[in-house]
Amino acid sequence: MKLITAIIKPHQIDAVKEALEAYGISGMTVSEASGYGRQRGHSEVYRGAEYTVDFVPKLRLEVLVDDMDASSVADVILKAAQTGRIGDGKIWTVPVEDVVRVRTGERGSEAI
Amino acid sequence: MSPTLLPLAAEPAIDASATAFVLICASLVLLMTPGLALFYGGMTRAKSVLNMMMMSFGAMGVVGVVYVLWGYSMSFGGSNIGGIIGNPFENFGLKGVVGDAEGATLDANGTAIIDVFGADVWIPEILFVGFQLTFAIITVALISGAIADRAKFSTWLVFAGLWVTLAYFPVAHMVWGGGLLSGSEDGIAAMLFGATDGAANVLPIDFAGGTVVHINAGIAGLVLALIVGKRLGFGKSAMRPHNVPLVMLGAGLLWFGWFGFNAGSELAADGLSALVWVNTTVATCAAILGWLVVEKLRDGHATSVGAASGVVAGLVAITPACGALSPVGSIILGLVAGALAALAVGLKFKFGYDDSLDVVGVHLVAGLWGTVGAGLLATEGGLFYGDGINQTVVQIVIALASLIFSAVVTAIIGLALKYTLGWRISDDDEVAGIDQAEHAESGYDLVSRGGRLGTTSSPALSHDARHHDELTPEGVKA
């Protein structure tokens, strides 16, 4: 099993969710995140005083998948999240030792 | 603006329209203080929003009570002491205004009534008390913006009671109660340009409180910011507004309430109060534009906080002048006020004083401009209308006199509190957020932080903590 984590632009989330549903992914976890990469922050001005905001708001999307689905799911996310402009985010995949469904106690692939 | 209590020959009666109007206006002015709490609260960081708002609500508590006990007597009621202050004991607890109103003018039902401007428009005197009470509250609350995020709440409440007594009531008495800064024959204006029939030849213009409210609170904010000292990290870390929509909502409520403040100060529903309404509106509209133009040219963007601040700057500037200007004159006054205040808010970084929410830049600067500008732009007596410089001189003198008086009194109170109760919360509390330290609350519960009823020393907690420790080694992530 693999855990795919994607940091994406917040307004791309609907497109990504629809693409994943179309592929057959039945669940995901989304959390608000902030940070910077090459995009860096931006500046804001309040009553003439300028502030640099370093952390840019992003969404962090996590999906658990079977090994064989991993690279195609990453591609699905990539296509849906890509705008071609700076700040589109990153996707990475890591191996997962075990997964348990809390309601039933099922383990492994059954629990995904 | 001095109260005239002379009974007329015919038995005076309450003017119902004026009474209804002032009742509504007093309620509008009272709404300004919660509006100010939103305006200020949105501009602070999220960790101190409640303390900022509580400084306004705390001022409501203290000042409202004090006003009825001795405030009215010191401002308008008691006999004049040296042109500076009324006798606090003469109408203590509104003695002589309600109940057995000895010495007051009574209507047929025995209600004490007052005709403040001698225009034969009588309202219940207790209503005048209520209307003026709301002015005292907002003036004290305005000061709090200068010392955001760092002042002990208890010290602030003590300051509110002392300052309103020693600074606000005297200035209100001097300007509106027939004292030194009024148009009475004993006032400064009469000393400068003479008096005829018991009134100064050049009457000072302060319709609704440019000196009493805005210069007074503005300079007090500056003095207090210097005494209390800078916030930790001032000028280094980002202290940006945490909730700009709250700022906009607060500015809107202030504007709405300000109609009661300005138009209500006529104390009658008549042609002048209607002119004041329009002047108040257009000066504010123009001030938004003035502020935004400066921002666009200087910073490249017209901002929401700038528009909200422009609203307040315009309202402040038109406050003393609203009864003396034409609508076009009001537009000029407002435009300049917005631009001046937008430039003035940068001064604190230049001079290194932490007037956190720009009480100086907005209220002091726009208040001074409005008071002096009234001398330039008044349709009767104004310099720009070819009536000479006398009115402007009088305006500058009353502005400076109230400024110096308030600065000295504020410094004495502020320093006395600094070396007795102390002003600052601990550095740790300030970094963690004053809301937690002073009020044991937080403004927002966006993410559940767990927890249960009761104190942190409850046995349940230690049990849970132990349980948690037992689980962790087994690889269950918290």
Side-chain angles (χ1 to χ4, degrees), chain A residues 1-7 10-11 13 27-37 39-65 87 92-112, chain B residues 39-40 42-45 145 233-244 247 251 291-292 294-310 312-313 338-350 354-362 365 446-447 475-477:
Chain A
M1 289 160 294
K2 298 268 197 273
L3 171 67
I4 300 176
T5 304
I7 304 290
H11 52 261
I13 186 64
M28 65 195 74
T29 302
V30 175
S31 42
E32 289 179 19
S34 49
Y36 62 83
Q39 184 185 9
R40 302 303 304 216
H42 61 278
S43 63
E44 298 183 358
V45 185
Y46 296 97
R47 284 185 167 171
E50 196 167 343
Y51 300 98
T52 305
V53 179
D54 286 328
F55 296 138
V56 183
K58 297 286 170 190
L59 287 183
R60 176 192 183 101
L61 171 79
E62 287 161 306
V63 194
L64 282 165
V65 294
W92 62 88
T93 307
V94 290
V96 173
E97 232 169 73
D98 197 9
V99 178
V100 186
R101 188 188 306 276
V102 173
R103 176 169 55 87
T104 58
E106 292 162 287
R107 290 186 171 260
S109 297
E110 301 282 300
I112 289 177
Chain B
F39 181 72
Y40 277 173
M43 269 191 284
T44 60
R45 289 166 290 174
F234 172 73
K236 291 191 276 285
S237 59
M239 296 176 176
R240 61 194 176 118
H242 86 284
N243 191 334
V244 178
V247 176
W291 190 300
L292 292 184
V294 167
E295 276 195 335
K296 180 71 187 166
L297 295 177
R298 184 185 57 192
D299 313 320
H301 300 278
T303 71
S304 319
V305 173
S309 309
V312 176
L340 268 182
L343 294 168
V345 290
L347 293 177
K348 65 178 178 183
F349 296 110
K350 208 168 179 180
D354 185 6
D355 168 20
S356 318
L357 309 182
D358 302 303
V359 181
V360 178
V362 176
V365 168
L446 299 178
V447 178
V476 176
K477 274 191 155 183

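Below, chain A is the first sequence line, B the second, and so on; all start at residue 1. Just the heavy atoms: all of them, side chains too, but no hydrogens, waters or symmetry mates, feed the values below. Remember, it's a predicted structure, so these values are computed and weren't measured experimentally.
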Derivation of the side-chain contact (heavy atoms from CB on, under 4.5 Å) call for B:Met43 and A:Arg47:
CA-CA 10 Å; B:Met43 269 191 284; A:Arg47 284 185 167 171; 3.4 Å; yes

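Neither the backbone nor the side chain of B:Val294 comes within contact range of chain A; no heavy atoms are under 4.5 Å apart. For B:Arg240, the parts lying near chain A are the backbone and the side chain together; criterion is any non-hydrogen pair under 4.5 Å. Proximity to chain A (any heavy atom under 4.5 Å) is shown, for B:Val247, by neither the backbone nor the side chain. Residue A:Glu50 does not touch chain B at all, counting heavy-atom pairs closer than 4.5 Å.
Crowding of B:Phe349 atom CZ: a count of heavy atoms from other residues, nucleotides or ligands under 6.0 Å exceeding 12. Atom NE2 of B:His301 has 12 or fewer heavy atoms from other residues, nucleotides or ligands within 6.0 Å. A 6.0 Å sphere centred on CD of A:Glu62 holds more than 12 heavy atoms belonging to other residues, nucleotides or ligands.
A pairwise comparison of heavy atoms in B:Thr303 and A:Val45 identifies CG2-O, 3.7 Å as the closest pair.
When each of B:Pro241, B:Ser309, B:Ser304 is checked for a side-chain contact (heavy atoms from CB on, under 4.5 Å) with A:Tyr46, only B:Pro241 meets the rule.
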